[in-house]
Q: 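I'd like to ask you about the structure that follows.
Letters go in sequence order (proteins before strands), and every chain restarts at 1.
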2 protein chains.
Amino acid sequence: MRKGDTQEIRRLNRRAILAHLRRGPLTRADLSRLTGLAKSAVSRLVDELLQEGLLEEGAFTSPPVGRPGTLLHLRPGARFALGAELGVEETVLLALDWRGEVLWAKEWSHPREAGPRERLERLLQEILPHVPGPLGLGFTLPGVVVEDRLLLAPNLGWKNLDLRPLLSHFPLPTALENDAKASALSEVFFHGEANLAYLVLSTGLGIGVVSDSRILRGAGGAAGELGHWLGQGHKPCACGRVGCLETELGLGALLEHYRSLGGKAGALEALLQQAKQGEALALEAIHHLGEALGRFLANLAVAYDPARVVIGGKAAEFFPYLEQSLRQSLAAHAFLEAHRSLPVQPSLYGHLPRRWVGLASFW
Amino acid sequence: MRKGDTQEIRRLNRRAILAHLRRGPLTRADLSRLTGLAKSAVSRLVDELLQEGLLEEGAFTSPPVGRPGTLLHLRPGARFALGAELGVEETVLLALDWRGEVLWAKEWSHPREAGPRERLERLLQEILPHVPGPLGLGFTLPGVVVEDRLLLAPNLGWKNLDLRPLLSHFPLPTALENDAKASALSEVFFHGEANLAYLVLSTGLGIGVVSDSRILRGAGGAAGELGHWLGQGHKPCACGRVGCLETELGLGALLEHYRSLGGKAGALEALLQQAKQGEALALEAIHHLGEALGRFLANLAVAYDPARVVIGGKAAEFFPYLEQSLRQSLAAHAFLEAHRSLPVQPSLYGHLPRRWVGLASFW
DNA sequence: TTTACTTAGTCCCGAGAACGAACTAAAGGG
DNA sequence: CCCTTTAGTTCGTTCTCGGGACTAAGTAAA
């Protein structure tokens, strides 16, 4: 149970102020109204934040009547952190400032079968020139994570790894998180979404669920692993079982289906190009996936009832071609009226994951 | 955002103390250790609670060395509330004290097709003699509820009802909640479970999910409605769609399957009697359901990753006969090692629902 | 019996946070 | 020039907890 001592309150209120300012400049009076804090309390906290260089005063408002207010905004670059995505094929490292702007990014692939040790050592080399500076480094990977231990990452082929010894070599605070959960957390952090499901759909499928502004973890960190919900399929899954939804909805199945229709593509990228050129077989295969996804989203809606769904991972690039069949299928299969028009959108940031794990915890 | 003023802290700490005492008598020193509060703070709060008659001092501890402590416990009956379950077939009304003891209970059935107005008016008549006294009255029903409005209850045949006008006639605070969520909340309240899934399985199937000590609601209150996850079945569901899991896992399907095997039973109760007498067909039908449920629980585990699963509703009575096949099937289908031995237990309270909705909010 | 030690619980004061009222600041309108 | 309105500050009040000094009540050993 929380201690609730008075410092804790101050920290909470500081955070509340910063959270509001992350969505745009506001005056002290605005903040007082938004947070419910007394004007005096806001003044004190803002003074402190100005002093620390986290905030800046900017332009004045010009209300129809009354004294103009002073707009406050976050000082750009005052805080930033690193995010590292350990994907199946490559590693992406990026720096984000606290408004969610990408300061820089770097990406590299690695030898097949590279283990966690090699991959983290390479990463360590990459970040050393940037340290000190960042508040911390957040790692994401497609697997079940609990307290800096990796339980299982079928698509990486990793299992039961305690990463704490490796992480301790990094000369800055680190945080480890599942990729979908990290993505969902970023949406909360940068856009204040309170009920959201973030799909990371590439080879695998993972869901990051935010409910009531909190990430859903469950007891062992496996909540949201709907990619491993057992459907009725018969294909073997990387996890060793048979019929996981990810074998039907994953992009591997898309490629396979395309080929079974007679299409020729060595990789997903080629299939995407075909779709962009309007090739009928490619569009058919993608529509087929869209239908399955729409039905899946109807199920997702009864499981978590999000207010919005974001589709990330490689599938985001296919979204324009998926969209129509997906929405139709979702509307046709929805349980509640409200789910028919559930907002679904692709992740906005292209292939750059905007995953800033644990940033809040670095503050 | 929360105001975080100083009174709020006191309330939180009071609650923390009461929550600990709900699980057994403790000394002030114990409470200080458990809550992390200073001894002095505990003393002050306990004094206040004693003054209000919520607590009583009891026996002394006799430690091997040192001064004995004074055990504190909740004063029985000091607080109680009413819970009303609006089931498909009948209404149950009960009074629970804050330790979760059932003070009294009453149950009645109602004419087929009775609407919400009739059912609530009958209930109002029943509770009038007990008012004032209870802290409040919590309603539960098998449907999607959001802010005292009922969106959809397929098995009741109700839809889009704003119950606030009816509830306002009740001369005490009321709270409305989905039955599975209410059950799950009761587990949290009385046993302090932090990660739990509570299945209400009778005709329908609903899940109450508690993650990190908070109930999972989603944006529109429909989170956990896995009974309406679309599987591969072809049976029509009360919700108007086809293939919902509830058509496979609901007890209606059990009865049907039993009959298709050649068994004779007019109702579930008869089937249960057959099972108690060891009739082979009945046991076979139940095992079959157990297998399906085990597979479902493996899926539930990837969706929510609970630390414990409680099976309530009518299915609780079938649990002894379900248990073995359910556990085997769960172990066979589990995604993570940890899920293989996921604790599953029947609801402890027989047919009496221990649902004390909104009790916490009544304090 | 006395003393040392241990744990339980009380009392009181100080620190920190927010609140709210009174105040100053800076505009527009008549 | 004054009135009204809104922004923001200052200061005194109130409330909470924490922590140290203290008392209370037991066991163990000298």
Q: How many whole angstroms separate atom CG of B:L26 from atom C1' of C:dG9?
A: 15 Å
Q: Report the distance from atom CD1 of A:I207 to atom OG of A:S183, rounding to the nearest 0.5 Å.
A: 11.0 Å
Q: Would you kindly give the CD-to-P distance between B:E57 and C:dG9, to the nearest whole Å?
A: 9 Å
Q: Could you check how far CD1 of B:I9 sits from P of D:dT14, rounded to whole Å?
A: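 The answer, rounded to whole Å, is 18 Å.
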Q: Would you mind checking if A:D30 and A:R33 are paired as a salt bridge, meaning a charged N to carboxylate O distance below 4.0 Å?
A: yes
Q: Whole Å only: how far is the CZ atom of A:R10 from the P atom of D:dC17?
A: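 After rounding, the reported distance stands at 19 Å.
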Q: Could you state the interatomic distance from CG (A:L37) to CG (A:N13), rounded to the nearest 0.5 Å?
A: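 Answer for the CG-CG pair, A:L37 versus A:N13, is 4.5 Å.
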Q: Rounded to whole angstrom units, what separation is found between the CZ atom of A:R14 and the C1' atom of C:dA17?
A: 14 Å
Q: Could you tell me how far apart B:L31 (CG) and C:dT10 (P) are, to the nearest whole angstrom?
A: 12 Å
Q: Are any of the side-chain nitrogens in B:R164 or B:D162 under 4.0 Å away from the carboxylate oxygens of its partner?
A: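 So B:R164 pairs with B:D162 through a salt bridge.
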Q: Using atom names, set out every protein N or O paired with an N or O of nucleotides 5-7 of chain D below 3.5 Å, distance rounded to 0.1 Å.
A:
unit_1 : atom_1 : unit_2 : atom_2 : d
D:dT6  : O2     : A:R67  : N      : 3.0
D:dA7  : OP2    : A:R33  : NH1    : 3.3
D:dA7  : N3     : A:R67  : NH1    : 2.7

Q: At under 4.0 Å, does any side-chain N or O of A:N13 touch on OP1 or OP2 of C:dA17?
A: no
Q: Rounded to the nearest Å, what distance is computed from the CG atom of residue B:L45 to the C1' atom of nucleotide D:dG18?
A: 13 Å
Q: Can you classify the ring geometry of A:H130 versus A:W104 as parallel (below 30°), tilted (30 to 60°) or perpendicular (above 60°)?
A: parallel
Q: Take A:R44 and A:P64, find for each the nucleotide of DNA chain C with the closest heavy atom, and name the residue whose nucleotide sits nearer the 5' end.
A: A:R44
Q: Report yes or no: is there a donor-acceptor pair, N or O only, under 3.5 Å between the side chain of A:S40 and the base of C:dG20?
A: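 Between C:dG20 and A:S40, which were checked side chain against base, a qualifying N/O pair under 3.5 Å is present.
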Q: Salt bridge or not for A:E52 and A:R75, using N-O below 4.0 Å?
A: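 No salt bridge links A:E52 with A:R75.
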Q: For the atom pair CZ (A:R149) and CG (A:L176), what is the distance rounded to the nearest 0.5 Å?
A: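 With rounding to 0.5 Å, CZ (A:R149) is 11.0 Å from CG (A:L176).
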Q: What's the CG-P distance between A:L37 and C:dG20, to the nearest Å?
A: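 Atom-to-atom, A:L37 to C:dG20, this comes out as 11 Å.
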